[in-house]
Amino acid sequence: MKTNITAAIAGLALLSGAGLAAAQDVVVQPQEQIIIQPQQETVIREYVKKKPLASIAIPGVELNIGSTVPETVELHAIEAPDMQYEYVVVDNRTVIVDPGTRRIIRVLD
């Protein structure tokens, strides 16, 4: 009986060790960071200056690159050649958003 219990404990130890080893193999890919070129930023700044929006508040969302803007927030297109980004003004800061993912890619002060 003592041998069976020892074997069972050894088997459990092996299984838990294998589970830990498998968990270590999980690789989390970082979010791809979108880089806005300086000339793009100039176009964006000029556009939002000409087309100001009322500032809104988004409770619970931090204005960090990579944060997601909720679906309930209306994004506005930046109507300029080769510009695929949209924007919204949150807490008096212009937030540039990738409309496909709704992730913040730049916050302009």
Side-chain angles (χ1 to χ4, degrees):
M1 178 78 163
K2 189 174 185 179
T3 305
N4 288 342
I5 293 174
T6 305
I9 291 173
L12 285 173
L14 269 172
L15 287 175
S16 66
L20 287 175
Q24 292 174 350
D25 291 339
V26 175
V27 177
V28 177
Q29 296 294 328
Q31 291 292 330
E32 179 182 330
Q33 184 173 358
I34 298 172
I35 298 173
I36 296 178
Q37 300 301 319
Q39 63 272 23
Q40 287 178 306
E41 185 171 329
T42 300
V43 169
I44 291 168
R45 285 182 183 275
E46 289 175 4
Y47 184 83
V48 299
K49 193 177 209 179
K50 291 178 188 174
K51 303 280 186 170
L53 299 174
S55 182
I56 64 168
I58 309 175
V61 175
E62 292 187 29
L63 297 182
N64 296 325
I65 293 173
S67 295
T68 303
V69 176
E71 292 286 333
T72 56
V73 174
E74 181 182 359
L75 301 178
H76 301 271
I78 299 170
E79 297 171 12
D82 300 322
M83 191 63 61
Q84 68 267 20
Y85 310 120
E86 296 184 358
Y87 75 110
V88 64
V89 178
V90 180
D91 297 332
N92 295 314
R93 299 169 76 191
T94 301
V95 180
I96 310 303
V97 179
D98 176 351
T101 62
R102 298 189 68 85
R103 292 196 184 277
I104 296 173
I105 58 171
R106 188 87 157 92
V107 179
L108 305 175
D109 289 315

Inset, instruction - Is it possible for you to say whether V48 and V107 belong to one hydrophobic cluster, with membership spreading through side-chain heavy-atom contacts below 4.5 Å? - result: no

Legend entry - Interatomic distance, I36 atom CD1 to T42 atom OG1 [nearest 0.5 angstrom]: 11.0 Å

Inset, instruction - Kindly work out whether a path of hydrophobic side-chain contacts (I/L/V/M/F/W/Y, heavy atoms less than 4.5 Å apart) joins V89 to I96. - result: yes

Legend entry - By side-chain hydrogen bond (donor to acceptor under 3.5 Å, both in side chains) - contacts of R102 (at least two apart): none

Side chains of residues 53-77: which donor-acceptor partners sit under 3.5 Å, not counting sequence neighbours?
from, atom 1, to, atom 2, distance (Å)
S55, OG, D91, N, 3.1
S55, OG, N92, N, 2.7
E62, OE1, N64, ND2, 3.0
S67, OG, E62, O, 3.1
S67, OG, N64, O, 3.3
T68, OG1, R103, NH1, 3.3

Inset, instruction - Flag yes if V95 and I44 sit in one hydrophobic cluster, no otherwise; membership is Ile, Leu, Val, Met, Phe, Trp, Tyr, and two members link when side-chain heavy atoms are under 4.5 Å apart. - result: no

Inset, instruction - List the steps, then state whether side chain to side chain contact (heavy atoms under 4.5 Å, CB included) holds for M83 with Y47. - result: CA-CA 11 Å; M83 191 63 61; Y47 184 83; over 6 Å; no

Legend entry - Non-hydrogen side-chain atoms of L108 and Y87 separated by less than 4.5 Å: no

Inset, instruction - Write out all pairs satisfying salt bridge (Lys or Arg N to Asp or Glu O under 4.0 Å) with one or both partners inside residues 37-52, taking only residues at least two apart or from two chains. - result: E41-R45, E41-R106

